[in-house]
Amino acid sequence: MGKDTLTITDNRTGKTYEVPIQYGLYPTYGASIRAGDLRQIRVSEEDFGLLSYDPAFMNTASCKSGVTFIDGERGILRYRGYPIDQLAEQSTFLETAYLALHGELPTGKQLEEWVYNITHHTMIHENIKKFIDGFLYDAHPMGILVGTVGALSTFYPNAKGILDPASRQKQIFRLIAKMPTLAAFAYRHSLGMPYAYPDNDLSYSGNFLSMLFKMTEQKYKPDPILERALDVLFILHVDHEQNCSANAMRSVGSSHVDPYSAVAAACAALYGPLHGGANEAVLRMLREIGSKENVPEFVKKVKAREALLMGFGHRVYKNYDPRAKIIREIAERVFEVTGRNPLLDIALELERIALEDDFFVKRRLYPNVDYYSGIIYQAMGFPVDIYPVLFAIGRTPGWLAQWQEMLLDPEQKIARPRQVYTGADQRDYVPLQDRR
Ligand code: SDX
């Protein structure tokens with residue numbers, strides 16, 4: 001192999017430049033040049049220098065990160081080096097959250113302290129209930145979440161101390177702990193039901209089920225199969241490197257705003273139907289299809305560009321999303337408790353046809369994490385519009401891990417991309433009476 005450099009010849013001037021190639025862990029996955037090294041390529045002294053133009057960052061690394069590794073070609077997903085299928089099988093959501101944030105699996109004592117701290121931060125200020133009460137009964141829970149997470153920043157002014165590790169740690173406990181409470185309270189509000197407060201005797205996922213579904217019983221007893229299924233679904237959502245909402249978290253956090261405001265921005269990004277809103281859109285799509293017999297007709301609409309096949313496709317995975325595989329296995333376990341969800345048969349038929357059809361094969365469109373998750377959530381009794389909120393609960397540790405990594409990265413500064421200007425050249429103001 002030759003030198004780790006790129007030699008660039010600018011044919012406008014005949015000049016050549018040599019720029020270093022830098023690597024991450026793998027020499028053949030993540031080799032890059034520094035975009036700043038292109039600025040020396042100029043045609044004259046007053047030339048600003050060459051930019052790299054990359055709409056939607058299709059081929060741009062915005063950071064160096066060690067939180068998550070994805071290989072889209074081989075369908076690989078690892079958190080801090082641990083394969084997602086091993087974590088889904090052997091870990092818990094809170095342990096995986098610890099791993100994402102600290103970089104290592106916790107010892108027994110570390111895990112005990114971590115779980116204790118999160119468990120004892122699940123309550124929210126009573127005033128937050130007044131915000132939630134102010135929403136219409138049919139307000140989308142993601143809209144409530146964006147509002148209430150952002151509002152939390154006003155209850156913890158010390159959270160502005162983002163460079164103080166102790167302050168960061170405290171807000172990390174609070175955010176991971178309070179997301180389920182905010183989500184559950186939003187759900188209860190939509191039903192006109194009283195809020196069910198956290199039960200610290202239960203696990204993280206068991207407590208969430210209790211706050212959602214507790215009725216008149218003294219103590220809610222979560223079904224262990226559903227409790228575990230939900231915990232695994234949260235594990236599968238913990239992080240996914242530089243996805244749209246993680247990018248929002250990093251970009252907004254780079255202004256050194258508090259983490260509650262940054263998480264609110266990440267929630268807003270996740271709310272979009274092309275991102276975290278897709279699991280909700282999949283359910284609506286399956287309901288619209290209505291039966292297996294209608295699947296071919298729907299596929300025709302997708303191929304005619306009249307509809308997207310929600311839950312299919314991915315910016316990185318050009319193979320089966322490894323999380324979708326695991327979620328399909330969870331579905332069978334959940335349906336043993338809840339009864340089979342008839343929408344699964346439509347989803348399976350839709351997948352079967354899509355995986356054989358050249359339109360999808362050519363574009364390398366496979367089921368992603370959102371394709372089957374909604375079917376499980378529906379079988380577990382969650383209303384469709386809360387699905388993106390479930391995604392946000394699982395993704396909060398990942399957002400915080402990306403945020404903290406950004407703050408501690410000496411190369412990172414406030415995010416401020418360049419642009420390629422294509423507007424009007426200078427022109428003089430035209431008084432109103434002279435305009436045509
Ligand atoms: C998540 O980034 C992450 O990691 C996200 C995520 C995470 O964990 O954070 O994995 C979670 O957001 C999963 C994605 C959920 N979204 C959906 O399921 C919505 C449906 N999917 C598409 O909108 C789309 O696949 C995206 C947004 C997911 C990816 O879009 P890209 O990378 O910009 O790809 P593209 O739109 O350029 O698609 C390439 C081609 C296009 O056709 P051509 O113009 O080349 O002919 O494939 C087509 C697209 O029209 N296409 C689809 C399609 N997805 C892409 N056609 C029909 N149905 C689809 N779902």
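- Under 3.5 Å, the side chains of Tyr195 and Asp133 contain a donor-acceptor pair of N or O atoms.
- Note that CG of Leu233 and CG of Asn279 are 10.0 Å apart. Values are rounded to the nearest 0.5 Å.
- Between Phe208 and Phe382, the ring planes lie parallel to each other; the angle is under 30°, not in the 30° to 60° tilted range.
- Judged purely by atom type and a 3.5 angstrom limit, His275 uses its side chain to pair as donor or acceptor with the backbone of Ser245.
- Of the N and O atoms on the side chains of Thr107 and Gln110, at least one donor lies less than 3.5 Å from an acceptor on the other residue.
- The shortest non-hydrogen separation linking Ile8 to Leu38 is CD1-CD2, 4.0 Å.
- More than 12 heavy-atom neighbours from other residues, nucleotides or ligands sit within 6.0 angstrom of CD on Glu332.
- A salt bridge links Glu297 with Lys300; the closest basic N to acidic carboxylate O contact falls under 4.0 Å.
- Summarising the geometry of Tyr187 relative to Gly381, their closest heavy-atom pair is OH-O, 4.3 Å, with the distance given to 0.1 Å.
- With 3.5 Å as the limit, one finds a donor-acceptor pair spanning the side chains of Thr68 and Asp239.
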Determine whether Glu113 and Lys109 satisfy the following criterion, salt bridge (charged side-chain N to carboxylate O under 4.0 Å, His left out), listing intermediate values before the conclusion. CA-CA 6 Å; Glu113 279 174 16; Lys109 187 165 177 346; 2.5 Å; yes

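- Considering CD of Glu351 and CZ of Arg328, their distance stands at 4.5 Å, rounded to 0.5 Å.
- Leu408 has its side chain within reach of Arg168: a pair of non-hydrogen atoms, C-beta onward, lies under 4.5 Å apart.
- Residue Ile235 comes nearest to Ser91 through the heavy atom pair CD1-O, 3.6 Å, listed as atom of the first residue, atom of the second, then distance.
- The 12-atom threshold is exceeded at CD of Gln22, counting heavy atoms of other residues, nucleotides or ligands nearer than 6.0 Å.
- A salt bridge links Asp345 with Arg340: the closest approach of a Lys/Arg side-chain nitrogen to an acidic carboxylate oxygen falls below 4.0 angstrom.
- Distance check: Leu175 CG to Lys170 NZ gives 13.0 Å after rounding to the nearest 0.5 Å.
- Residues Gln171 and Arg174 are in side-chain contact: their nearest non-hydrogen atoms beyond the backbone lie under 4.5 Å apart.
- Although no hydrogens or angles enter the test, the distance criterion places a donor-acceptor pair under 3.5 Å between the side chain of Tyr79 and the main chain of Leu236.
- Of all non-hydrogen atoms in Val146 and Cys267, the two that sit nearest each other are CG2-CB, 3.9 Å.
- The neighbour count for Glu104 CD, taken as heavy atoms of other residues, nucleotides or ligands under 6.0 Å away, does not exceed 12.
- Between Arg284 and Glu288 no salt bridge is recorded (no basic side-chain N to carboxylate O distance below 4.0 Å).
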Would Val299 and Lys303 satisfy side-chain contact (heavy atoms from CB on, under 4.5 Å), going step by step from the backbone distance to the final call? CA-CA 6 Å; Val299 170; Lys303 292 165 73 172; 3.7 Å; yes

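- Side-chain atoms of Gln378 and Asn341 include a donor-acceptor pair closer than 3.5 Å.
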Using the rule given for side-chain contact (heavy atoms from CB on, under 4.5 Å), can you reason through Met215 versus Met193, listing the C-alpha separation, both sets of side-chain angles and the distance that settles it, and then say yes or no? CA-CA 9 Å; Met215 290 296 156; Met193 287 193 61; 3.4 Å; yes

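- We find that Arg352 and Glu356 are joined by a salt bridge, their nearest charged nitrogen and carboxylate oxygen being less than 4.0 Å apart.
- Ring planes of Phe131 and Phe155: perpendicular class, angle over 60° (limits at 30 and 60°).
- Nearest heavy-atom pair, Val334 versus Ala379, reported as atom, atom and distance to 0.1 Å: CG1-CB, 4.3 Å.
- Taking the six-membered ring for Trp and thresholds of 30 and 60 degrees, Tyr377 and Tyr387 have ring planes inclined between 30 and 60 degrees apart.
- Relative to the six-membered ring of Tyr366, Arg364 misses at least one condition, a distance below 6.0 Å or an angle of at most 45° to the axis.
- For Lys214 and Asp199, the salt-bridge test fails: no basic side-chain N is under 4.0 Å from an acidic carboxylate O.
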Which is it for Leu101 and Ile176 under the side-chain contact (heavy atoms from CB on, under 4.5 Å) test, yes or no, and what are the steps along the way? CA-CA 11 Å; Leu101 276 151; Ile176 295 174; 3.8 Å; yes

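- A donor-acceptor pair shorter than 3.5 Å cannot be found between the side chains of Asp71 and Tyr26.
- Outside the 6.0 Å centre-distance limit, the rings of Tyr317 and Phe312 are not counted as a close aromatic pair.
- Proximity of Trp403 to Pro259: side-chain heavy atoms (C-beta onward) are separated by under 4.5 Å at one or more points.
- Note: Phe360 CZ to Leu355 CG = 9.5 Å, rounded to the nearest 0.5 Å.
- Put simply, the side chain of Asp231 gets close to the backbone of Phe93: a donor and an acceptor are under 3.5 Å apart.
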How far apart are the C-alpha atoms of Glu126 and Lys129, what are their side-chain angles, what is the distance that settles it, and do they pass the salt bridge (charged side-chain N to carboxylate O under 4.0 Å, His left out) test? CA-CA 6 Å; Glu126 284 290 287; Lys129 292 185 339 186; 2.8 Å; yes

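- Atom CD1 of Ile144 sits about 9.0 Å away from atom CD1 of Ile386, to the nearest 0.5 Å.
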Verdict with supporting geometry, Leu350 and Leu286, side-chain contact (heavy atoms from CB on, under 4.5 Å): CA-CA 9 Å; Leu350 185 51; Leu286 294 174; 4.2 Å; yes

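- Side-chain atoms of Ser254 come within 3.5 Å of backbone atoms of Ala415 as a donor-acceptor pair (strictly under, hydrogens ignored).
- Within a 6.0 Å radius of NZ in Lys219, more than 12 heavy atoms belonging to other residues, nucleotides or ligands are found.
- Atom CZ of Arg363 is surrounded by more than 12 heavy atoms from other residues, nucleotides or ligands within 6.0 Å.
- Between the side chain of Asp258 and the main chain of Ala159, no donor-acceptor pair closer than 3.5 Å is present.
- The shortest distance between side-chain heavy atoms of Thr119 and Asn207 does not fall below 4.5 Å.
- Surrounding OH of Tyr116 are at most 12 heavy atoms belonging to other residues, nucleotides or ligands under 6.0 Å away.
- Ile289 and Asn294 get closest at one heavy-atom pair: O-ND2, 2.6 Å.
- Expressed to the nearest 0.5 Å, how far OH of Tyr137 lies from CG of Leu191 amounts to 11.5 Å.
- Looking only at distances, a side-chain donor or acceptor of Lys318 sits under 3.5 Å from a matching main-chain atom of His314.
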